[in-house]
Every structure is written in C-alpha cells, then in structure tokens.
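Here's the structure we're looking at; comments come further down.
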Amino acid sequence: MADQILSEIDGSLRIITLNRPDRHNAMDDDMSALFQARIGEALEETESNAILIRATGKSFCSGRDTNVLGQRARDESDFHFVRRHQEGRLRMQESTKPIIAALKGGAIGGGCELALAADIRISDTTLKMALPEILYGVLPDTGGTQMMTALIGPSRTKYMVMSGQKIDAATALDWGAVDFVVAPEELDAKALDVARDIAAKPPINLAMAKEMINLMHGATIRTGTRAELYAQSYLFKTEDYHEARAAIREKRAPHYKGK
C-alpha cells in the first residue's frame, strides 16, 4: 500500500506521484490517507520550496474508487467524512508552498478537485476533466464548484456540474482550467521544468506571492466549500441519491422523484 503514493526530493522540489495505475489512480480510503500524510509532510518540511503532483499510468486521478463509493472506513457521519476530506483540499490551497499538478487522461470528480487545489496545472493532450457527481446523485464536495468557478467562471462551471460531462484538454486550456497543454511525451519534462523553476525562487517571496493572489478568491472558496459540505450531507439522505446508485448497479436509467 505504501507504494501507492511515492515521494522524492529533487533539489528544492518535492515530487509526489500517485501510483495506482491499474485503477487510474482512483483513491480508496487507504490511498487517500497516505496521500494526505505525504502532502502534509511536504507542506511542513523545510527542504522543499514547491511541490509537484504527478501520476503513473494513463490517468492523473479518476476520483474516489467506485468500489468504495458510499462506504465510510471510520465510524463517522457523512458530514464528518466530507468535512475531513475538505480540510485536505483547503490545506493545499491555503498553504504557502506553490503546488504544480501534471495532468493526463482522467482527472475526474475528486481527482479533478485535487488538480484544482494546485496553483498551476500542466496537462497533456489526453486530458479529460469532469465533475460528474450529479450522475451519482450527489454534487462536488471538496471545493470543485468554488475552485472551478474561480478559474473558468460561473456559466461554464454550471455546465460542468449540472451535466457531469467531460471537457478535453483544448477546452480546458481555452476556458482556463489548465495553464499549459503539451504532447503526452512532453508532459513530464514540461512539468518538471516549470516546477523546478518555481522551486528555485526565494521561498518567502513564493509564500507571499501565493498569499496575496489567494486574497482574490480564497475566502470565497473556503465559505463556498463549506456550503458544499451542507449540500452533500443532505443529498446523501435523499431518495434520488439511492435511486442513482441503484440505477448504476442495475445498469438502467434512473427515475428521479425530486425527493
């Protein structure tokens, strides 16, 4: 299990690699807990000035492992489960260290929100980005509605959240969801180049720069993320949520009642 999240130091750059390629880096509870431990260590250490998050295999992260959807590893409420995961995303956004994400293939659901929590996103042309939670009877709950709106605006975010449809790399670049798009064979080199360049800068300047720029949307994102918590805690109790799960399990179209 420990090899599902790899961590290494490259000069003043910390590199964290998602390493569960057989599941498109979908996170179950163990992998999620390990990621939070590794990112927490990286944010606190003095050896690094910046963090690069990347992935092995075809995808960046396809979100929560569908094998454990709706399950709670701890004996905790939906409210506490969602809030705990929100804290991980908010910690990334509000940290003083710049975080760069190298995206490819699927960046779906929680994987998309993980990418959004980074400060700079570099993708290759295979990227498919989505917030598909509505297809499962719920909504994004670790900042997706807030972070995506800050990047691409409310109308496009409403399209993504209300339809659950994927956008490709070209669209993500055009809308502002990613900052660079390169060929697949160039992704690692481009991401390392950008991350190493930033990590070489004075750490106090990097911290202050991130802090100042975050003042534009930071407070709104935190408040809106908490609104996601309340909405999601409610949605988990609805008949429509259970109908969505049953429809997926039974491979049929759902019949929603608005209850």
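Atoms considered below: every heavy atom in the structure, side chains included; atoms not considered: hydrogens, waters and symmetry mates. Numbering of residues begins at 1 and proceeds along the displayed sequence.
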**OP:** Would you sort out whether Asn214 and Glu94 count as a side chain to side chain contact (heavy atoms under 4.5 Å, CB included), showing the intermediate values?
**Re:** CA-CA 8 Å; Asn214 279 355; Glu94 296 170 355; 5.7 Å; no
Is a donor on one side and an acceptor on the other found under 3.5 Å between the side chain of [X] and the backbone of [Y]?
X: Ser59; Y: His24; result: no
X: Thr96; Y: Ala207; result: no
X: Gln93; Y: Ala117; result: no
X: Ser95; Y: Met92; result: yes
X: Glu228; Y: Gly143; result: yes
X: Gln232; Y: Pro140; result: no

If you group Ile, Leu, Val, Met, Phe, Trp and Tyr whenever their side-chain heavy atoms sit less than 4.5 Å apart, what else falls in with [X]?
X: Leu90; answer: none
X: Phe180; answer: Leu13, Ile15, Leu52, Ile100, Ile120, Ile122, Val182, Leu187, Leu192, Val194, Ile198, Leu206
X: Met162; answer: none

Looking at [X], I want to see if its [atom1] is surrounded by more than 12 non-hydrogen atoms of other residues, nucleotides or ligands under 6.0 Å.
X: Lys201; atom1: NZ; result: yes
X: Lys166; atom1: NZ; result: no
X: His242; atom1: NE2; result: yes
X: Tyr234; atom1: OH; result: no

Grouping I, L, V, M, F, W and Y whenever their side-chain heavy atoms are under 4.5 Å apart, do [X] and [Y] come out in a common cluster?
X: Tyr159; Y: Leu131; answer: yes
X: Ile51; Y: Ile9; answer: no
X: Phe236; Y: Tyr230; answer: yes
X: Met129; Y: Ile108; answer: no

**Evaluation steps, side-chain hydrogen bond (donor to acceptor under 3.5 Å, both in side chains), between Lys58 and Thr126** = CA-CA 9 Å; Lys58 295 181 178 180; Thr126 68; over 6 Å; no
Sequence neighbours excluded, the answer for salt bridge (charged side-chain N to carboxylate O under 4.0 Å, His left out) partners of Arg89 is none
Residues at least two apart in sequence or cross-chain that pass salt bridge (charged side-chain N to carboxylate O under 4.0 Å, His left out) with Arg196, listed by chain then number, are Asp10
Just checking, any donor-acceptor pair under 3.5 angstrom between side chains of Asp168 and Thr171?
-> yes
Where [X] and [Y] come nearest, the two heavy atoms and their spacing:
X: Tyr241; Y: Tyr136; answer: CD1-O, 3.4 Å
X: Ala169; Y: Asp124; answer: CB-O, 3.5 Å
X: Gly109; Y: Pro132; answer: N-CD, 3.5 Å
X: Gly164; Y: Ala130; answer: O-CB, 4.2 Å
X: Ala177; Y: Ile152; answer: N-CG2, 3.7 Å
X: Ala102; Y: Ala191; answer: CB-CB, 3.7 Å

Are side-chain heavy atoms of [X] and [Y] found at a separation under 4.5 Å?
X: Ile53; Y: Ile39; result: yes
X: Gln36; Y: Met27; result: no
X: Ser7; Y: Glu41; result: no
X: Ile167; Y: Met160; result: yes
X: Thr56; Y: Thr17; result: yes
X: Leu127; Y: Val181; result: no
X: Leu116; Y: Gln146; result: no
X: Lys104; Y: Pro184; result: no

CA sep, side-chain torsions, deciding dist, call: Arg14, Lys97, side chain to side chain contact (heavy atoms under 4.5 Å, CB included): CA-CA 10 Å; Arg14 171 63 62 179; Lys97 284 189 182 178; over 6 Å; no
Using the rule given for side chain to side chain contact (heavy atoms under 4.5 Å, CB included), can you reason through Asp119 versus Ile213, listing the C-alpha separation, both sets of side-chain angles and the distance that settles it, and then say yes or no?
CA-CA 10 Å; Asp119 300 295; Ile213 295 165; over 6 Å; no
How long is the straight-line distance from [atom2] of [Y] back to [atom1] of [X], given to the nearest 0.5 Å?
X: Leu151; Y: Arg156; atom1: CG; atom2: CZ; answer: 12.0 Å
X: Glu87; Y: Leu229; atom1: CD; atom2: CG; answer: 9.5 Å
X: Asp240; Y: Lys259; atom1: CG; atom2: NZ; answer: 9.5 Å
X: Asn25; Y: Phe60; atom1: CG; atom2: CZ; answer: 8.5 Å
X: Lys128; Y: Leu103; atom1: NZ; atom2: CG; answer: 14.0 Å
X: Arg20; Y: Asp30; atom1: CZ; atom2: CG; answer: 9.0 Å

Residue pairs meeting ring pair (Phe, Tyr, Trp, His ring centres under 6.0 Å), one or both in residues 83-135, sequence neighbours left out, come to Phe81-His85
Presence of salt bridge, [Y] and [X], under 4.0 angstrom:
X: Glu243; Y: Lys257; answer: no
X: Arg23; Y: Asp28; answer: no
X: Arg38; Y: Glu44; answer: no
X: Asp29; Y: Arg64; answer: yes

Exercise. Determine, step by step, whether Ile248 and Leu135 satisfy the side chain to side chain contact (heavy atoms under 4.5 Å, CB included) criterion, reporting the C-alpha distance in whole Å, the side-chain angles of both residues, the deciding distance to 0.1 Å, and the verdict.
Key: CA-CA 9 Å; Ile248 292 169; Leu135 306 177; over 6 Å; no
| field | CA sep, side-chain torsions, deciding dist, call: Thr225, Gln86, side-chain hydrogen bond (donor to acceptor under 3.5 Å, both in side chains) | value | CA-CA 7 Å; Thr225 298; Gln86 285 187 349; 5.8 Å; no
Next on the checklist: Evaluate Asp78 against Ser233 for side-chain hydrogen bond (donor to acceptor under 3.5 Å, both in side chains), listing each step before the verdict.
Outcome noted: CA-CA 6 Å; Asp78 293 330; Ser233 297; over 6 Å; no
